[in-house]
Amino acid sequence: MGALYLQLIRWNRPAGWLLLLWPTLSALWVASHGFPGWHLTIVFTLGTFLMRSAGCCVNDVADRDFDRHVKRTAQRPVTSGALSSKEALALGAVLALLAFGLVLTTNAVTIAWSFAALAVTLIYPFAKRYVAMPQAVLGVAFSFGIPMAFAAVQSRVPLLAWVLLLGNLFWVIAYDTEYAMVDRDDDLKIGMKTSAITLGRFDVAGVMISYLVFISIWAFTLAGWVQSAIFIIAIGLALLQALWHGWLIRKRERDGCFKAFRLNHWLGFTVFAGIALSYAVR
C-alpha cells in the first residue's frame, strides 16, 4: 500500500515539484533581498512538495476515466483500480493539511492567500474539460508560491510579485505544452482540451514564444533588484536551455517532447541560482 501511495504522489519523479520550487524560492530571495532564513526556506520547500503531492491525488481522481485511455497514465494507481478514489482523496487531504500547518507558522496575510492557492489547485483538474488552454490555469496554480513568498516576508503582495507570477505563467505554458505534446494523439481521441491541441501546427512556435516572454519579463523586471553580472549570465544560460528544448521538440516526437519537459526544472534552477548568488556576492 505504501508503494502505491508513493506512486500516486509521483515520489520517483521529483521534476514536478521542483518546477514549483525554484520560482517560489526565487521570489523568497527577491522579497528578502537575499537569504530569507531557514524557517521560511524550509516552510516553502516542504510546503511546495506537500501541495504538489496533494494536487497529484486530486488530479488522478478527476482524470481517472480519461487516464485509462492514455498510454502514459493508464497504470496510475487510481486509474488502474489499485487505489480507490476515497483513499487518494484522503491522502490528498492529509497532505494539504500538513502544508496548511506549515503556513500557520508564517503570518495572517500568507494564511489568507493560501486559501486562494488551494482553490486554484482544486480547479485546475477540471479546467481541462472546458478551457482551450488549461495550461494557463495550471500556470496560475504553479505560480502561486510567488505572491505567498512575498506575503510571508513582507506581509503584503506588491505589484512586483504579480508581474513575476505573470512571467512564470508563461514558463508553465511552455513546459506543460511540451508535456501535452506527448499525449496529443490520445487526448484528441478522448476529447481532452490542451494547449498542444489548441495551438495545432503552431505548438512549437507557441512554446518558444512562451519561453521568451517568461525570460524577458523576469530579466527586465528583476534588473533593478538583482544587479549583478551573475544574474545576467544565468538569464543567458536559461535562454540557451530554452533553445535546446526547442530543438528537442522540433519534430514533435514523444521522447523529445517528454525529455524537454523533464529538463525544465534545470532552467528554473538556473534562474534561482543566478538570483541567490547575486545577492550572496553583494
Side-chain angles (χ1 to χ4, degrees), residues 9-10 14-56 58-59 92 95-124 135-176 214 217-218 221-222 225-226 264-276:
I9 65 173
R10 322 282 200 269
W17 72 275
L18 290 174
L19 290 170
L20 284 80
L21 179 65
W22 301 130
T24 301
L25 291 186
S26 295
L28 264 182
W29 256 253
V30 173
S32 305
H33 305 291
F35 180 57
W38 286 112
H39 170 238
L40 288 180
T41 301
I42 292 172
V43 164
F44 277 90
T45 299
L46 290 179
T48 296
F49 173 76
L50 290 169
M51 282 307 298
R52 188 262 179 170
S53 298
C56 289
V58 176
N59 184 78
L95 294 171
L97 285 173
L98 288 173
F100 185 62
L102 291 170
V103 174
L104 290 176
T105 69
T106 58
N107 58 42
V109 178
T110 312
I111 293 170
W113 279 112
S114 72
F115 289 100
L118 176 62
V120 178
T121 300
L122 295 175
I123 289 171
Y124 167 67
Q135 280 68 24
V137 181
L138 181 68
V140 176
F142 269 37
S143 303
F144 228 93
I146 295 171
M148 288 186 64
F150 275 87
V153 174
Q154 302 181 3
S155 295
R156 66 190 185 97
V157 182
L159 178 61
L160 173 62
W162 298 115
V163 175
L164 293 177
L165 183 150
L166 176 64
N168 199 72
L169 183 152
F170 279 94
W171 180 39
V172 178
I173 290 175
Y175 66 65
D176 205 57
F214 156 60
I217 288 178
W218 275 58
T221 301
L222 293 178
W225 295 79
V226 187
N264 266 278
H265 72 90
W266 289 110
L267 192 157
F269 171 74
T270 300
V271 175
F272 164 67
I275 292 171

Given side chain to side chain contact (heavy atoms under 4.5 Å, CB included), test Val58 with Thr121 step by step and report yes or no.
CA-CA 9 Å; Val58 176; Thr121 300; 5.9 Å; no
Between Phe214 and Tyr175, is the ring-ring contact (aromatic ring centres under 6.0 Å, His included) condition met? List the steps.
CA-CA 11 Å; Phe214 156 60; Tyr175 66 65; 9.1 Å; no
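- Side-chain N/O atoms of Trp171 and Asn264 include a donor and acceptor closer than 3.5 Å.
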Verdict with supporting geometry, Trp218 and Ile275, side chain to side chain contact (heavy atoms under 4.5 Å, CB included):
CA-CA 11 Å; Trp218 275 58; Ile275 292 171; 4.1 Å; yes
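- The line from CG of Leu160 to CG of Leu222 is 6.5 Å long, rounded to the nearest 0.5 Å.
- Taken to the nearest 0.5 Å, the CG atom of Leu164 stands 11.5 Å off from the OG1 atom of Thr24.
- Judged as a side chain to side chain contact (heavy atoms under 4.5 Å, CB included), and not counting sequence neighbours, the contacts of Leu169 are Val140, Ile173.
- The minimum heavy-atom distance between Ala116 and Phe144, with the atom names listed, is CB-CZ, 3.8 Å.
- Within the 3.5 Å criterion, the main-chain N or O of Leu28 finds a donor-acceptor partner in the side chain of Ser32.
- Here the CZ-CG distance, from Arg52 to Leu21, works out to 12.0 Å after rounding to the nearest 0.5 Å.
- Residues Ala31 and Phe150 come closest through the heavy atom pair CB-CD2, 3.5 Å.
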Could you go through the side chain to side chain contact (heavy atoms under 4.5 Å, CB included) check for Met148 and Val109 one step at a time?
CA-CA 8 Å; Met148 288 186 64; Val109 178; over 6 Å; no
Check the pair Val120, Tyr124 against side chain to side chain contact (heavy atoms under 4.5 Å, CB included), reporting the backbone distance first and the verdict last.
CA-CA 6 Å; Val120 178; Tyr124 167 67; 5.7 Å; no
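- Counting all heavy atoms, side chain and backbone alike, Asn107 lies closest to Ala152 at ND2-O, 3.3 Å.
- Side chain of Thr45 to backbone of Ile42: no donor-acceptor contact under 3.5 angstrom is found.
- When all heavy atoms are compared, the tightest approach of Pro23 to Ile146 is O-CG1, 3.8 Å.
- Ring-plane geometry between Phe272 and Trp29 is classed as perpendicular, the angle between the planes exceeding 60 degrees on a 0 to 90 degree scale with a lower cut at 30.
- Residues Val271 and Trp22 are not in side-chain contact: their nearest non-hydrogen atoms beyond the backbone lie 4.5 Å or more apart.
- Checked against the 6.0 Å centroid criterion, the rings of Trp162 and Trp113 qualify as a close aromatic pair.
- Between Trp17 and Phe49, the ring planes are perpendicular. Angles over 60° get that label, and only those under 30° would be called parallel.
- With values rounded to the nearest 0.5 angstrom, Thr48 atom OG1 is found 9.5 Å from Leu18 atom CG.
- Between the side chain of Gln135 and the main chain of Val172, no donor-acceptor pair closer than 3.5 Å is present.
- Counting only heavy atoms from C-beta outward, the side chains of Thr105 and His39 approach each other to under 4.5 Å.
- For Ala54 against Ala96, the heavy-atom pair with the smallest separation is CB-N, 4.1 Å.
- We find the CZ-OG1 distance between Phe35 and Thr41 to be 4.5 Å, quoted to the nearest 0.5 Å.
- Note that CG of Leu95 is 5.5 Å distant from OG of Ser53, once rounded to the nearest 0.5 Å.
- No donor-acceptor pair closer than 3.5 Å links the side chain of Asp176 to the backbone N or O of Leu138.
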